[in-house]
Amino acid sequence: MILQSLVTYYESLERKGKITSPGWCSAKVSFALELSEAGELLRIIPLKESVLRGKKTALVPTIRKVPQMVARSSGVSANFLCDNSSYLLGIDNKGKPERSVECFEAAKEKHLEILKETGGKAARAVVLYFKTWKPEKAMEHTALSEGLEEITAGGNLFFFIGDEFAQEDPAVKAAWETYSQKPGDGVEGTCLVTGKRAEIARIHGTIKGVPGAQSSGAALVSFNAPAFESYGKEQSYNAPVSTYAAYAYTTALNYLLADRDHMTMIGDTAIVYWSEDGEEVYNRTFSFMMEPTADNQEIVDGVFKNLAAGKAVDENGTQESLSLNQKFYILGLSPNAARLSVRFFYQDSFGNILRHVKEHYDRLRIVRPSGDHMEYLGVWRLLSETVNKKSKDKKPAPNMAGSLYRAIISGSNYPESMHQAVLGRIRSEQDDSDSRIYKITRGRAAIIKAYLLKNRGCSEEEITMEMNENSNDVAYILGQEFAVLEAIQEDANPGINATIKDRYFNSACATPSSIFPILFKLKNSHLRKMNNKGREIYYEKMLGALQSKITEVPKRLNLDAQDRFILGYYHQTQKRYEKKSKEEA
């Protein structure tokens, strides 16, 4: 299904003229070798362009349409017209001059074969260049005197003759297409993707752009050892895919990974998404729905409000009707040596995916601190709640990121690992002496609330967005009581650095019957120290109302009850701060 979906997407893009046709591909190119009509190297033309990344500007290679590049991880195999310095100049900075000369000779042989009967100045210039260029004297050439280290660093180069690039010359282009489209002598079979009988691809093209994978590209479909063979079928003949289908799916996937509007990184997982018809508005809408920013909160809200009417809002805030029946695909990939691992693949109608995302945000809704204006928390914000804020490596667990993303878009249960990680952070940070860390954040409380609603099947009447005044759940009420006891301590000791939360929260949450008697004794001394009869009566009434709902304090609370304890504490604390903010206003 993955390959079929990508081939269909490729065909949609090809009809719109957005993607290369068979025999061609897009590649990153750093420099052009300008040649005279006699094949002499005149100068090196830098092709890198300035791109703003964050607050800094970086020079990056440009993306150009070039003849289809070969798949190689080792050995010598030349590309046509576009390759690195080893193949086009016969030099590199790896300290292997013999291999560089071998690479140049392979490129020379390929170019002379393809262009042997081609006329025109571009073809003649390239042919003369390969016939006259001496790799052993390349370092002495004046055109290479500047920037030699950067030129030989591994970036792609191609040729420039007169006023155009070599691959744009009509005669050169025709020669390449004749060469690339000639019938092969490969094995024929029924393609698993198209269902048609055609030549089967022995090796599939590589996929580039997945962080952590090999820079030269990694394979999505690959068999390179006898252990992977079956019934005597070697290499990719194990899974017969036609050369056309192999080209189409690799081209489409490389297109998606190279476009920031179609790709996002969550942990170590590269996630790409696309609509079947290739319309860009769908992936743009999906992108900012999954990762809302402070600037597009209203737009996300508008998408949800118009969902029932079959309309959505694009990233510019303009109303645009979207088909909720449009097929939409989401693919998660992670690096695995020279291959790619599929973390997940999900397909559904765009409307269903939006509904699942909306239900997810509804479950996350919880009272926010006064300074928090982000109504919708994106995936990365949730994952950041599972890591140590003081650690240098703030990346979430790899498997968790993909599992959470899949759970949101499919409407399935949240990963247990995320729930455990949040509880682990809350417990470990209670023991942290740094009082500046607010242990139970809005994000962590929201995750716990969503987990109870989805994974544990709790009702929304029980697990509420704001403090539930009518709750009779003992664990929830104990959490409220703990927040009130902490408020008493802080009221009696203004500016205190550490509270009962830092010392007793974990044990009170797990074994309340052994801790709350200690907390109530401390409360009495705190009230006496407060020396304010009115405040004392206020707090005693509040505790009395909560205590009246508890017949017996449990010896132990299971994980679900601990979740409700944390929510009770969070809700009561936010209620207190909300009241304080109103009084100050």
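A quick note: this is a predicted structure, and the numbers were derived from the prediction, not measured. Reckoned from all heavy atoms, side chains included, excluding hydrogens, waters and symmetry mates.
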Can we call the ring centroids of [X] and [Y] under 6.0 Å apart?
X: Phe505; Y: Phe565; answer: yes
X: Phe304; Y: Tyr376; answer: yes
X: Phe328; Y: Phe286; answer: yes

Once salt bridge (Lys or Arg N to Asp or Glu O under 4.0 Å) is applied, do any residues pair with Asp277, and if so which ones, sequence neighbours excluded?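 Listed in chain order: nothing, the list is empty.
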
Arg343: what forms a salt bridge (Lys or Arg N to Asp or Glu O under 4.0 Å) with it, not counting sequence neighbours?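 Applying salt bridge (Lys or Arg N to Asp or Glu O under 4.0 Å) to Arg343 gives Asp268.
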
Under the rule for side-chain contact (heavy atoms from CB on, under 4.5 Å), what residues qualify as partners of [X], not counting sequence neighbours?
X: Ser50; answer: Thr57, Leu59
X: Ala218; answer: Ala213, Leu340
X: Pro396; answer: Trp380, Leu383, Thr386, Val387

Verify the distance criterion only: is there a donor paired with an acceptor across the side chains of [X] and [Y] at less than 3.5 Å?
X: Arg556; Y: Gln562; answer: no
X: Tyr346; Y: Arg406; answer: no
X: Gln480; Y: Tyr569; answer: no
X: Arg365; Y: Tyr361; answer: no
X: Glu385; Y: Thr441; answer: yes
X: His262; Y: Glu280; answer: yes

Which atom pair, heavy atoms only, marks the closest approach of [X] to [Y]?
X: Ile63; Y: Ser26; value: CG2-CB, 3.8 Å
X: Leu382; Y: Ile447; value: O-CD1, 3.6 Å
X: Ala446; Y: Ile366; value: CB-CG2, 4.0 Å
X: Gly278; Y: Lys18; value: O-NZ, 3.8 Å
X: Gly302; Y: Asn306; value: O-ND2, 2.8 Å

Assess whether a salt bridge exists between [X] and [Y], defined as any Lys/Arg side-chain N lying under 4.0 Å from an Asp/Glu carboxylate O.
X: Glu540; Y: Lys523; answer: yes
X: Arg444; Y: Glu429; answer: yes
X: Asp560; Y: Arg564; answer: no
X: Glu490; Y: Arg576; answer: yes
X: Asp259; Y: Arg284; answer: no

Give the C-alpha distance, both sets of side-chain angles, the deciding distance and a yes or no for side chain to side chain donor-acceptor pair (under 3.5 Å) between Glu486 and Thr499. CA-CA 7 Å; Glu486 183 184 33; Thr499 68; 2.8 Å; yes

Once you measure the plane-to-plane angle for Trp274 and Tyr9, does it fall in the parallel (<30°), tilted (30-60°) or perpendicular (>60°) bin?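 The arrangement is tilted - the two ring planes meet at 30° to 60°.
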
Salt bridge (Lys or Arg N to Asp or Glu O under 4.0 Å) between Asp362 and Lys449: does it pass, once the steps are laid out? CA-CA 10 Å; Asp362 287 343; Lys449 173 178 177 283; over 6 Å; no

Would you please test His419 and Asp563 for side chain to side chain donor-acceptor pair (under 3.5 Å) and show each step? CA-CA 10 Å; His419 176 243; Asp563 286 340; 2.7 Å; yes

Under the side chain to side chain donor-acceptor pair (under 3.5 Å) criterion, do Asn352 and Arg355 qualify, and how do the steps go? CA-CA 5 Å; Asn352 280 342; Arg355 291 185 189 98; 3.0 Å; yes

Donor-acceptor contacts under 3.5 Å from residues 459-467 side chains, at least two apart:
{"from": "Ser459", "atom 1": "OG", "to": "Glu462", "atom 2": "N", "distance (Å)": "3.3"}
{"from": "Thr464", "atom 1": "OG1", "to": "Glu466", "atom 2": "O", "distance (Å)": "2.6"}

Taking Asn455 for its side chain and Asn413 for its backbone only, find out whether a donor-acceptor pair lies under 3.5 Å.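 Side chain of Asn455 to backbone of Asn413, a donor-acceptor pair under 3.5 Å: no, none is there.
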
